[in-house]
Amino acid sequence: MTIDGLPIAGTSWIDVTNPADGTLLAQAPDCSSEQLEAAVSAARSAFPSWAATAYEERQKVLHEMADAIEAHVEPLRQVLAREAGKTLDDARGEILGLAYWLRGISKLRLPETVNEDSAARRSVTRHVPLGVVGAIVPWNYPLGQIGFKLAPALLAGNTVVLKPSPFTPLATLRLGELLRSVVPPGAVNVVSGGDSLGPWMTAHPGIDKISFTGSTATGRKVMAGAAGSLKRVTLELGGNDPAIVLADIDVPTVAEKLFWGAFGHNGQVCLAAKRVYIHSDVYEPLKRALADYAATVRTGNGVTEDVRLGPLQNRPQYERILDLIRDCEDHDYSFLTGGLPEDGTGYFVRPTIIDNPPEHARIVQEEQFGPVLPLLKFDDIEDAITRANAGDYGLGASVWSADTDAALAVARRLEAGTVWINEIQHLTPQVTFGGLKDSGIGSENGIEGLLAFTAPQTITVTPGRS
Ligand code: NAD
């Protein structure tokens, strides 16, 4: 681990499994409560001087962090691909994406608002850092998610204790090593551990804010854990994103984009299309095109050539997906592709497309977070919008049509934090993203994402008598 700029070994260890064959890949430190104390205390000690550092200097450090990452893409991607079940290309993209995010976020400026500037008084509101941020990330984009948290937290003047998922700690621990020579000691601490570590962080009185990405169920626990010490929280949670396909699309183009929008990284993406509502006029050709495209995509060990989709990342997720597929089988829903895997090593599931199951099916109602996609037919757009908005999630959505005005009219009525038209999952450091309803509280990226790591402070000056 990295605590106060130093390498710290574990006193006990957690196993990290290679999802491509189920073997032990490595062991990672299981941070003890004393070691977490040391990390929080290092972050607290580093905070005053980091917060006092000029904004331009902090921007420069973000660039230096990006440089260090770019100089180590190859070793990082070998670790990331193996622990996360990614292809080497996807792992490279994620690492370069982290560097891109650090540079992109560094360009954001914290606003200052002049509230009053009169003979009687000058009142200005600025934004000050919160202190120590606890950043907790999931296993699907172990490094990518860090850019959404570490970059704005540091830029705003906070120090950080970062915790990866116990399923994917290795590339993040390596990142901690790389950053030791770039950031001041204590500004970025990286700890790994088992199921106790997250709750210790959320309850820790020395941490001022938790920036959390993960499931809605865990998000509730994080909020409850943070309540005791009145921590601020940002929660980026689960989703069950609808895609709505109107009748006027170009089928081959949309089929390919939708396939990757649903099955990229095996659907283990918070913003993946998780249910696709298709106008009945194009239902048959689009379903065929999706099934044909799926047949061209090779699933296998991500570090092997030509493989486009690796294994599911971990055994609980694999079991959950098998359970959902079995449920589809038990209810005699029609399978266009995929299905239960044959026995073998590794957590592999081929892209599985379910043909128009009923709306109440579990595969429609639940967040699958895996490579099983229901296609659903509609005739009336009002019906599609109602079905898309039903449920507790409100993360992302997409609308597909050659008629931008018609698509916009639908998009405006969808209950989602981000709605894309004719694309999906496009995020940038400058654009705010967050969930409605049970998909989250607060947002990341863009100016709102930066402000989330600050508190407003108003200073009022009334001319004094000399
Ligand atoms: P998870 O909630 O199980 O775990 C996320 C992180 O929280 C891990 O680091 C875990 O160790 C930690 N954690 C577990 N219990 C905790 C507790 N009680 N207190 C504090 N921390 C705790 O989620 P996951 O399975 O790793 O990720 C999949 C979920 O994440 C999906 O629901 C997905 O939609 C969601 N997700 C959301 C976004 C988003 O931006 N909205 C992005 C990616 C993933």
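Counting begins at 1 with the first residue of the sequence. Source: prediction; values computed, not measured. For ligands, and for the atoms within them, numbers begin at 1 and follow the listed sequence.
Contacts between F369 and ligand 1, counted as non-hydrogen atom pairs separated by less than 4.0 Å, involve the side chain only. Contacts of L237 with ligand 1, taken as heavy-atom pairs under 4.0 Å, involve the backbone alone.
Between D208 and R44 there is a salt bridge, since a side-chain N of the basic residue sits under 4.0 Å from a carboxylate O of the acidic one. Salt-bridge check for E70 with R103: passed, with a basic side-chain N closer than 4.0 Å to an acidic carboxylate O.
The protein reaches atom 36 (N) of ligand 1 closely, with a heavy atom under 4.0 angstrom from it.
Counting only N and O atoms by type, the side chains of R180 and T2 include a donor and acceptor under 3.5 Å apart. No hydrogens or angles considered: nothing links the side chains of D89 and T87 as a donor-acceptor pair under 3.5 Å.
For the pair F212 and ligand 1, a heavy-atom separation below 4.0 Å is found. Distances shorter than 4.0 angstrom occur between a heavy atom of P166 and an atom of ligand 1. Residue contacts with ligand 1 leave out G225, since none of its heavy atoms falls under 4.0 Å from the ligand.
For F453 against N158, the heavy-atom pair with the smallest separation is O-ND2, 2.9 Å. Between A294 and T337 the shortest heavy-atom distance is CB-CG2, 4.1 Å. Nearest heavy atom pair, residue A68 against residue V182, reads CB-CG2, 4.1 Å. Minimum interatomic distance between I210 and M201 (heavy atoms only, all atoms of both residues): CD1-O, 3.8 Å.
Heavy-atom contacts of V137 reach the following atoms of ligand 1: 6 (C), 8 (C), 9 (O) (cutoff under 4.0 Å). Within ligand 1, counting atoms from 1 as listed, the ones closer than 4.0 Å to a heavy atom of L395 are 41 (N). Proximity to G238 (heavy-atom distance under 4.0 Å) selects the following atoms of ligand 1: 32 (O), 34 (O). Near E367, meaning under 4.0 Å from any of its heavy atoms, are these atoms of ligand 1: 31 (C), 32 (O), 33 (C), 34 (O). Counting atoms of ligand 1 from 1 in the listed order, those under 4.0 Å from a heavy atom of F433 are 40 (O). Set against the non-hydrogen atoms of V222, the atoms of ligand 1 under 4.0 Å away are 19 (N), 20 (C). Residue T218 has at least one heavy-atom neighbour below 4.0 Å for each of these atoms of ligand 1: 1 (P), 2 (O), 3 (O), 13 (N), 14 (C), 15 (N), 16 (C), 17 (C), 22 (C).
Closest to atom 18 (N) of ligand 1, if we only count protein heavy atoms, is P199 CG, 3.5 Å. Taking atom 27 (O) of ligand 1 as the reference point, the nearest protein heavy-atom neighbour is P138 CB, 3.4 Å. The protein heavy atom nearest to atom 12 (C) of ligand 1 is I136 CG2, 3.7 Å. Atom 5 (C) of ligand 1 has T213 O, 3.6 Å as its closest protein atom, hydrogens excluded (heavy atom only).
Among residues at least two apart or in separate chains, ring-ring contact (aromatic ring centres under 6.0 Å, His included) pairs with a member in residues 335-375 are W139-F369, Y318-Y347.
Taking each of K163, Q313, Q145 in turn, the one with a heavy atom nearest to atom 11 (O) of ligand 1 proves to be K163. Relative to atom 30 (O) of ligand 1, the option among G214, P316, G396, G198 with the closest non-hydrogen atom is G214. Closest to atom 29 (C) of ligand 1 by heavy atom, among C270, S215, S196, is S215.
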Donor-acceptor pairs under 3.5 angstrom involving side-chain atoms of residues 392-400: please list them, not counting sequence neighbours.
{"unit_1": "S398", "atom_1": "OG", "unit_2": "W400", "atom_2": "NE1", "d": "2.9"}

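Judged by the 6.0 Å distance and 45° axis criteria, K86 is positioned over the aromatic ring of Y141.
Aromatic ring orientation, Y293 versus F259: tilted (interplanar angle from 30° to 60°).
Atoms CG and CD1, on L175 and I146 in that order, are 5.5 Å from each other to the nearest 0.5 Å.
For ligand 1, one of its N or O atoms has an N or O atom of W139 under 3.5 Å away.
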